[in-house]
Amino acid sequence: MRKLIEPLFGDYDEKVFYPVVGLLLFILAAIMIDSDATKKFFDAINHWLIFNFSWGFLIGVSSVVFFAIWVGMSKYGTMKLGKDTDEPEFSFIAWVSMMFSAGFGLSTLMWCSAEPLYHLYQSSWTIDAGTAGTAAGIPQAMLLTWFDWGFHGWALFAVGGLAIAFPAYRMDKPMTLGIGLFGILKEKSLTGFWGKLADVLGVISTLGGNSASLGFGVLSIAYGIKHITGIELGTSGTLVAMAMIIVAFTLSAVSGVERGIKYLSLINIYLGLGMLVYLLIVGPTGYLFSLITQTFGAYASQFITLSFWTDAANFKDGVWEQRSWLNWWVVFYWLWWVSYIPFCSGFIARISKGRTIREYILGTTIVPVLMTFLLFAIWGGNALHLEVTGAAPIWDAVQNDFGSTIYTVLSQFPMGNVLCVVVFFSIVCFGVTTSDSASYFISMQASKGSLNPTIAMRIFWGVVLGGLGLVLLASGKLNALKAMAIVVGAPFFFVVLAYMVSIIKMLKMAEKGDI
């Protein structure tokens, strides 16, 4: 078999390639044969994890945040991801753009107007304060949105990427997920069971999570086409749109990080900034600046409280009851972030050669977090303002179809139809960049950590990633795939904890000159 495949795919990793393909076929068969039962199985595991160990996830994820801060500010901060003479491969703006686009760029655009409304009407915080659905609840709703998308998630990516990039660039090791455990396992991180297990689970999680996200993104694109042109795509039209996205991101991945991925990411950032400036000007400018200022202060002052809030004060009939809001927003969100650790950490590691640890930590946490805060504050602030002033029924739009919210908001401003086209194009670009980054990362893992996998390998995984989403979109079974991705990705909560131990050991080894 290897003699047939190697001429096409190059020096591929049999211990990753075949288990991933086998597991993927098994899971896909289970979903196609009985998607309801498969979804219920994965949902039951999700529910059990979330409602029994929410306190553990809160403590664990918060420990990663504090660890990232410590590493960045420590004496090790001046060490480079690479040799002392190595310089960054990409400019700062290109580096940040790719990082943001490869991460949650598409998701932030889809949720930027909708999520603050959910927290305004449904969060435990606004309900307890008696401010649900009122103007008085807006600052808390925005704070909770920032918290979901803030430092905690990006710290997970930063620590995961550091564990991978440090040995890969400093010792010229293959860039695999397993190499992040080098400080603990040494060379066995490349060949041993635990290292290969991390590689396989990471690829499966990436395939599941990104295929589901791509499918949901295409549904948003279909709604955008309907909103802009009035044309209902229907099932066949939506599938054609999906196929076009697959071709686009596969070609981008084939062109490499230095061209397709980088340039599309830069387009995303410039379009996004342009939209933010416009909405800041035509919207309630003074109110938006006030909301940003107040929310920033609240985030800084309540960071610790929110990080460890477990709803311990809620009793019903004399019995403590943890309400579902915490578990289906904060904890679920962090589990979703965890499922993206393999892909986002690996891709961030790929583009971070030559940067110091301090620059890397600050660049992978503060910069994308501030960008995310502005995105939600301006888009979400406009949506909240329109809702509470009665200018537009934004909450109704959220409940009917959260993907329609961003278009509903834009329709209230001058040149709304033109802006809807720009946002539509931006969503397409984010969908392409997220998926091409994912297929590139999977190709790296299947190619023994090669920084430049063969074109055939990139095409193969691009087709697999898109094809999986296409098949499940056509059959209406994307939710089962999303549930599976979170369950498979959950073990990376423990992997990233092991990464922290590994990082400390590697830094001490580097300080002694052993690596």
Does a side-chain heavy-atom distance below 4.5 Å link Lys353 with Pro88? no
Might you confirm whether atom OH of Tyr287 has over 12 heavy atoms from other residues, nucleotides or ligands at distances under 6.0 Å? yes
Heavy-atom neighbours of Asp34 CG exceed 12 at 6.0 Å: yes
Is the [X] to [Y] ring centre distance short of 6.0 Å?
X	Y	value
Phe373	Trp146	yes
Trp461	Phe441	no
Phe347	Tyr440	no
Phe17	Phe460	yes
Trp334	Phe147	yes

Go through the side-chain N and O atoms of [X] and [Y] and say whether any donor and acceptor fall under 3.5 Å apart.
X	Y	result
Ser123	Trp329	no
Thr408	Thr405	no
Tyr299	Gln294	no

Going by an N to O cut-off under 4.0 Å, is there a salt bridge joining Glu89 and Arg355? no
Taking all non-hydrogen atoms of both residues into account, name the closest pair between Asp199 and Leu177 and its distance. OD1-N, 3.1 Å
For Leu81 against Ala165, the heavy-atom pair lying closest together: CD1-CB, 4.1 Å
What is the distance from atom CD1 of Ile267 to atom OG of Ser97, rounded to the nearest 0.5 Å? 10.5 Å
With sequence neighbours excluded, what pairs up with Asp148 under the salt bridge (charged side-chain N to carboxylate O under 4.0 Å, His left out) test? none
Set of residues satisfying side-chain hydrogen bond (donor to acceptor under 3.5 Å, both in side chains) with respect to Glu115, sequence neighbours excluded: His119, Trp149, Tyr333
